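Both backbone and side-chain heavy atoms feed into the values below; hydrogens, waters and symmetry mates do not. Below, chains carry the letters A, B, ... as their sequence lines are ordered, and counting in each starts from 1. The structure displayed is predicted, hence computed values, not measured ones.
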2 protein chains.
Amino acid sequence: MKYSIGEFSLITQLSIKSLRLYHEKGLLVPAHVDDTSGYRFYDEANFDTARSIKSLRRYDFSLTEIGELLEGCDDEADMIVQLERKLGDIASKIDRYQDISRSIASIIEYEKESVMDNEREFEIEEKELNTVLIAGHRMRGRYQDVGEGLGLVCKTMGRHISGKPMTLYFDCDYKEDDADFEPCVPVRKGKESEGISVRELKGGRCVSLIHKGSYDTLRSSYKRIFGYINEKGFKTVLPTREIYRKGPGMIFKGNPKNYLTEIQVLIEE
Amino acid sequence: MKYSIGEFSLITQLSIKSLRLYHEKGLLVPAHVDDTSGYRFYDEANFDTARSIKSLRRYDFSLTEIGELLEGCDDEADMIVQLERKLGDIASKIDRYQDISRSIASIIEYEKESVMDNEREFEIEEKELNTVLIAGHRMRGRYQDVGEGLGLVCKTMGRHISGKPMTLYFDCDYKEDDADFEPCVPVRKGKESEGISVRELKGGRCVSLIHKGSYDTLRSSYKRIFGYINEKGFKTVLPTREIYRKGPGMIFKGNPKNYLTEIQVLIEE
DNA sequence: TATAGAGTCTCCCCTTGGGGGAGAGTCAAT
DNA sequence: ATTGACTCTCCCCCAAGGGGAGACTCTATA
């Protein structure tokens, strides 16, 4: 019994285009090709091959791989090896996509959270801070270098990170070029490594203000918060903290007008 | 500060080819293009865009999607929607790959198992069968139609299947065209549906022989097993069972010489 | 037997995200 | 002025087909 390509396509559920491609690649050669018309005709034996190809395609084998399998299909042990290799491929794809999935989920969480805060106006408040475990990288230089240090710390600690990134400032006054600071992140656990210090950061009573907008305008908020502290007669404790509640985002830099930075100054009780 | 495409490529870790492509697609337009030489020059602002593109590519966004995101990046809420859509995409990909992974694993198991039996020679033996839950599709016709019925049952029961497919034969003698049989599979659980009967198949003492080779030669094994039964003076109980321990395989038809079919004839105790 | 309509053929272009290379122009240093 | 390093555009390539054009071929009906 002979089947034209159209009939064969209907039966096997493979498109005519695909059948012609498989013919060209030598995967599924029609039983007979008419010399004068060039028409392809398929027979019963072709059904088995068609079924094999369909299965393998469903399992994400490439046409090249299918070709190799169809050639050497006599030794079944070899086929098992191929299947196991494929299983490994698939597993690593799953791993990769799961990584991506986790990353995207955490980005969404980050963005959502900060969008919520976005409409509020913020006032100075006093509050109690808990002691937290942090990993930090102490350095000297200009304020712009904070980003770099933060990147280093985040990359090193990876998924142990348990909170927003922050910077500790150890100077009592503003220094342009030789500031002493420590970009850090809260972590669940972690071990010391080159340049990275892991330790507890003591909590306590503090004065806090959330600054909205570009980092260039941070100093106006510092002025406000220290004005408040002086007015109340508090004595401050170093280091001062900056918590980056919403910064440049993990994908887009975003609009600096929407950046949110919390300034925390600990006070003696 | 201006960077040539080579420098920019080194810094951003994007290939020159990619950079030119992104320029062409309008995703990452150099800050300046020299009129006469056509040389591309990038500036600081381009770094942010480059970083965004790299992140999004890592998260499996297509260039088209990235383009749309870069256009409408002012409304962040919209970006969250896009990210969530992507998250859904990724999740469905993971699902799909996990399905494939499971399928391949079961194929491997099937093939391995049967390869092990492959070298053995088989003799008639008597053994005890347990009662099992089966799903079957009773039908009349030719023996060749067994395959179809089995396909139906397997597709319907899907992952509830818990053993090798088999056929029950209800005729006491060989009928060419109007045999009465029931392709079925053991299942863990399952509900009746159109044409499918789910029930317990009673066990008992039986005479069993594993037939090696094409189904066309099955009758010689039947002759042997019934010869044995007559010799021993056993009385048989219908239906007779054929268990397809290794058949045409899920991908390749395989070599019929290696097919293994167990014939089980229950006897009165 | 002519013709219409359906089926099939080959050939070409398109998709994604670039890689590889040819041939020509440009830049900076010697 | 020349040389070597960069860069430009343009073309072809990958996988697995999809879409369509223009030309044949087959079959059924008038």
Between [N] and [X], is there an OP1 or OP2 to side-chain N/O distance shorter than 4.0 Å?
X	N	result
A:T36	D:dT25	no
B:S15	C:dG18	no
A:Y22	D:dG17	yes
A:S18	D:dA16	no
A:R57	D:dA16	yes

How close or far is atom [atom2] of [N] from atom [atom1] of [X], stated in whole angstroms?
X	N	atom1	atom2	result
B:E65	C:dG17	CD	P	9 Å
A:L19	D:dA16	CG	P	15 Å
B:H23	D:dT9	NE2	C1'	13 Å
B:D34	D:dT9	CG	P	12 Å
B:E24	C:dT15	CD	P	11 Å
A:L14	D:dG18	CG	P	10 Å
B:E7	C:dC27	CD	C1'	12 Å
B:L21	D:dC13	CG	C1'	15 Å

Flag, side chain of B:D145 to backbone of B:E148, donor-acceptor distance under 3.5 Å:
no

Contact class for B:R20 (heavy atom, under 4.0 Å): base, sugar-phosphate, or nothing?
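Touches a base.
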
Tell me what A:F41 touches on the nucleic acid: a base, only sugar-phosphate, or nothing, going by heavy atoms under 4.0 Å.
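No contact.
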
Do the ring planes of B:F181 and B:Y143 sit parallel (below 30°), tilted (30 to 60°) or perpendicular (above 60°)?
tilted

Would you tell me whether [X] and [Y] have side-chain atoms, one donor and one acceptor, within less than 3.5 Å of each other?
X	Y	value
A:T36	A:D34	yes
A:S15	A:S18	yes
A:E242	A:Y244	yes

Whichever of B:L63 and B:Y39 has the more 5' nearest nucleotide on DNA chain C, that residue is B:L63

Specify the residue among A:I16 and B:I16 whose closest nucleotide of DNA chain C lies further upstream toward the 5′ end.
A:I16

Where the side chain of A:K17 is concerned, which of C:dG18, D:dG20, D:dA16 is the nearest nucleotide?
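For the A:K17 side chain, the nearest candidate turns out to be D:dG20.
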
